[in-house]
Amino acid sequence: VFAWLGQWQLSRAIDADPPPPGATEQVRPLSDVVEPGAYLPEPLVGQRVELTGTWSEQDFLVVSSRFNDGVEGFWVTGRFFLDGTESPTAIAVAIGWTATREEADDAAEAISSALSMIDAAPTVLTGRLISDEGPRLPAPGAPVTEMTSMSPAALLGWWTPVDDLDVYRPYLVADFTAIAPLTPPDG
């Protein structure tokens, strides 16, 4: 019985129909890849996608414990509302990386301030979809509000408003030209 169960488990673990090489490099509409609230299937991790929407000007937050070229630092993240959905729908986006918390906080504030002074025009984003890392506790001695993983569920706890909001479980590492002092995130 155990041998049969082991064989059954192995047969389920092997992907019999993996995507062809390079398939994740083809830019696809986000809605063709994953639905809000759904887990991102493993073969699609890193899939390049395109989406259109607007930024939430008050929801730029900093996530620590992010590495760029082997150097630990911080990501500035934002909430992006998708156009063309039946109900309000958002995805967490990694916008850029910086080596210090102070630079990350300043960049988040500057982006938020700049957006508050202009009309929110639809923006087209491209980037790579990455699976939710899940929330983690901050390091001992760190503030309890410190976010140490890119978790849309944790970010959702800080976003306002969230009533009737559909949220994507994976997040987007955006393809951007650097926004000073940020460098593009190394997803």
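Along the sequence shown, residues carry numbers from 1.
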* To do: Could you check if a side-chain atom of Val27 sits within less than 4.5 angstrom of a side-chain atom of Val49, using non-hydrogen atoms only?
  => no

* Do the side chains of Val63 and Val76 get nearer than 4.5 Å, heavy atoms only? -> no

* To do: Kindly say whether Ala154 contributes a backbone atom to a donor-acceptor pair with the side chain of Ser151 at under 3.5 angstrom?
  => yes

* Structure fact -> One should read off an interatomic distance between Asn68 CG and Phe74 CZ, to the nearest 0.5 angstrom, of 13.0 Å

* Asked: Are any of the side-chain nitrogens in Glu25 or Arg128 under 4.0 Å away from the carboxylate oxygens of its partner?
  -> yes

* At what distance, to the nearest 0.5 angstrom, does CG of Leu165 lie from CG of Leu156? -> 6.5 Å

* Structure fact -> CD of Gln58 to CZ of Arg79, rounded to nearest 0.5 Å, is 6.0 Å

* Structure fact -> For Asp83 and Pro122 the tightest heavy-atom approach is OD2-CB, 3.5 Å

* Does Pro170 offer a backbone N or O that forms a donor-acceptor pair with the side chain of Ser131 under 3.5 Å? -> no

* Asked: Once you round to the nearest 0.5 Å, how far does CG of Leu137 lie from OG1 of Thr148?
  -> 7.5 Å

* Structure fact -> Between Val173 and Tyr171, the two heavy atoms sitting closest are CG2-CE1, 3.7 Å

* To do: Indicate yes or no for a side-chain donor-acceptor contact from Ser64 to the backbone of Met147 under 3.5 Å, with no hydrogens or angles considered.
  => yes

* To do: Would you indicate whether the side-chain heavy atoms of Glu146 and Arg101 approach each other to under 4.5 Å?
  => yes

* Shortest non-hydrogen contact from Asp59 to Trp158? -> OD1-O, 4.0 Å

* **Heavy-atom side-chain proximity of Thr54 to Phe80 below 4.5 angstrom** => no

* Under 3.5 Å, is there a donor-acceptor pair between the side chain of Thr89 and the main chain of Ser87? -> yes

* With a 4.5 Å limit on heavy-atom distance, are the side chains of Leu172 and Thr126 in contact? -> no

* Asked: When rounded to the nearest 0.5 angstrom, what distance separates OH in Tyr168 from OG in Ser31?
  -> 6.0 Å

* Asked: Would you say the side-chain atoms of Glu72 pair up with the backbone N or O of Ala99, donor to acceptor, closer than 3.5 Å?
  -> no

* **Derivation and outcome, side chain to side chain contact (heavy atoms under 4.5 Å, CB included), residues Phe81 and Ile91** => CA-CA 7 Å; Phe81 286 105; Ile91 188 168; over 6 Å; no

* To do: Kindly say whether Ala108 contributes a backbone atom to a donor-acceptor pair with the side chain of Ser112 at under 3.5 angstrom?
  => no

* Asked: Can you find a pair of side-chain heavy atoms, one from Leu125 and one from Val93, that are under 4.5 Å apart?
  -> yes

* Shortest non-hydrogen contact from Thr24 toward Pro43 -> CG2-O, 3.6 Å

* Between atom CG of Leu61 and atom CD1 of Ile95, what is the distance when rounded to the nearest 0.5 Å? -> 9.5 Å

* To do: Determine whether more than 12 heavy atoms belonging to other residues, nucleotides or ligands lie under 6.0 Å from atom CG of Asp32.
  => yes

* Asked: Should Val62 and Ile130 be counted in the same cluster of Ile, Leu, Val, Met, Phe, Trp and Tyr side chains packed under 4.5 Å apart?
  -> no

* Structure fact -> Heavy atoms of Leu44 and Arg28 approach each other most closely as CD2-NH1, 4.0 Å

* Asked: Is Arg169 positioned over the aromatic face of Tyr39, cation under 6.0 angstrom from the ring centre and no more than 45 degrees off axis?
  -> yes

* Is there a donor-acceptor pair closer than 3.5 Å between any side-chain N or O of Thr52 and the backbone N or O of Val124? -> no

* Side-chain (Glu133) to main-chain (Met150) donor-acceptor, under 3.5 angstrom -> yes

* Asked: Do Leu30 and Leu129 touch side chain to side chain, with heavy atoms closer than 4.5 Å?
  -> yes

* Geometric class of the Trp55/Phe60 ring pair [parallel <30°, tilted 30-60°, perpendicular >60°] -> tilted

* To do: For the residue pair Asp105 and Thr100, establish whether any side-chain heavy-atom pair is separated by less than 4.5 Å.
  => no

* Asked: Taking the six-membered ring of Trp75, is the NZ or CZ of Arg66 close enough (under 6.0 Å from the centre) and on axis enough (within 45°)?
  -> yes

* **Considering all heavy atoms, the nearest Ser116-Ser113 contact** => OG-O, 2.7 Å

